[in-house]
Amino acid sequence: MNRFEEFITRIVQQVGKKEGAISPIMVNSASFGYGNSETGEGIFEGSVKKPLYARVGNPTSAHLEQILASMDGGIGAVAASSGMGAIAMATLSLLRAGDEIISIGGLFGGTYSYFSETLSRFGITTHFFDVDALDAIEEAINTATKILFLESVGNPNMRLPDIKKIADIAKAHGVVLMVDNTITPLSVVPIALGADIVVYSTTKIITGNASSLGGAVIFRAISEGEDKLKGDRYRDIHPFINKMGATALIANAKKRALRDFGMSANGFGSYLTMLGLETLPLRMDRIVTTVETVAKGLSERGFDVSHPCLPHHPHHERYLNQFSNGCGTIFTIDLGTKERAFEFLNHSKLITITANIGDSRTLGLHMASTIYRDFDEETKEFLGITPGLIRISIGLESAEAILDDFTNAAKI
Ligand SMILES: *Cc1c(COP(=O)(O)O)cnc(C)c1O
């Protein structure tokens, strides 16, 4: 049984209930009555497990969190208002002024700006590396390094990291490895490869139908014996480890980020996300196959396509050996110039032109004029943004229909 088969059984069983309402129960209250003062005290103390206030937890989001944690082998998860909210929660709960991040691969434009512009205003420095610069990454680690941050697939540069090797570096130096797995849920299981924290924009393939903006952070358990979080580097977390043990990272994220910054998911958003999540394994299974068929078909027809399933891609071997469940819904086409790229997108009858990815519909976007328009030339080169680059996110349509449409759109 492959992972998609296994999870289509598990997820539908976890989303639905056997008794009463089958569809997840949607709670949208901002606050919750405690009944009496003793219970109120117990809730705040943590001895009574009942909702406190929607900023720090919602029962519908808790249902979603439970499913996402089990999907990734985490001890728990915290849902967020967006993918950026999830990244902010995960990072801000571990960082203080003077700390450093090492960012590897990718990088999604929003995350790049967050690291390079926003966090730098608060005295946090990020060093950026290509996925294969392993020696330089190791050299850059020092006592201020708190997070190695990794994107499971370069969006949109399509470079693939050797996650296991990078996790081994993180382990050897006692540094937390955080993986943005937005593009490859189920296909890549970061915690099994040695990651400590996984972040998602659930807006993308997890919901899959543009109905809800959301995010989530999944945490691994703190080990009973030795654990890198027990090292001196993470002394800020030690009070949580002493009190909560295995679930310390969840308590830390809730108290240090969610409570004070308020990037909280809402009940309706989490409900819609679960409806999407229910069919995630089926959609992923179909789309990773369609992506390969379309990328190969377009390449044969003379398109300049970047996807690691193609033999000329620098990470083709790594794709075959380490990405047996595919690497998500995206690939890029380079049409040479902005004009050709615009013509192609405008002539396609099938592409929806938008900044999203991972939808049921095939989406496309010219990179340099949109997400990366404010970036300087050097940064664009590092991120692989060329003048004619279009990012495609394949949907549920038939491979044949997509190939026909793209071929027609390019004939001008
Ligand atoms: C979209 C995206 C994000 C940000 O998610 P939002 O839900 O839009 O805030 C982060 N990382 C990756 C890889 C993404 O594609």
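Atoms within each ligand, like the ligands themselves, are counted from 1 in listed order.
Ligand 1 is never approached by Gly85 to a heavy-atom distance shorter than 4.0 Å.
Ranking the protein heavy atoms by distance from atom 1 (C) of ligand 1 puts Lys204 NZ, 1.3 Å first. In terms of protein heavy-atom proximity, atom 3 (C) of ligand 1 is nearest to Phe108 CE2, 3.4 Å. The protein atom (non-hydrogen) at minimum distance from atom 9 (O) of ligand 1 is Met84 N, 2.9 Å.
The Asn155 neighbourhood of ligand 1 comprises atoms 15 (O), with distances under 4.0 Å to a heavy atom of that residue. Listed by atom number, the atoms of ligand 1 under 4.0 Å from Asp180 heavy atoms are 10 (C), 11 (N), 12 (C), 13 (C).
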Could you go step by step and tell me if Glu300 and Lys296 meet the salt bridge (charged side-chain N to carboxylate O under 4.0 Å, His left out) rule? CA-CA 6 Å; Glu300 279 161 17; Lys296 287 175 184 162; over 6 Å; no
Go through the steps for Ser103 and Phe129 under the test side-chain contact (heavy atoms from CB on, under 4.5 Å), then give the verdict. CA-CA 6 Å; Ser103 172; Phe129 293 98; over 6 Å; no
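Relative to the six-membered ring of Phe108, Lys204 meets both conditions, a distance below 6.0 Å and an angle of at most 45° to the axis.
For Tyr319 and His307, the ring centers sit closer than 6.0 Å to each other.
Distances between N or O atoms of Ile357 and those of ligand 1 include no value under 3.5 Å. Any N or O atom pair closer than 3.5 Å counts here, and Gly83 shares at least one such pair with ligand 1. For a threshold of 3.5 Å applied to N or O pairs, the pair formed by Glu151 and ligand 1 contains no separation below that value.
In this structure, Asp132 pairs ionically with Arg318, as a charged nitrogen and a carboxylate oxygen lie closer than 4.0 Å.
Between the side chain of Ser324 and the backbone N or O of Leu320 there is no donor-acceptor pair closer than 3.5 Å.
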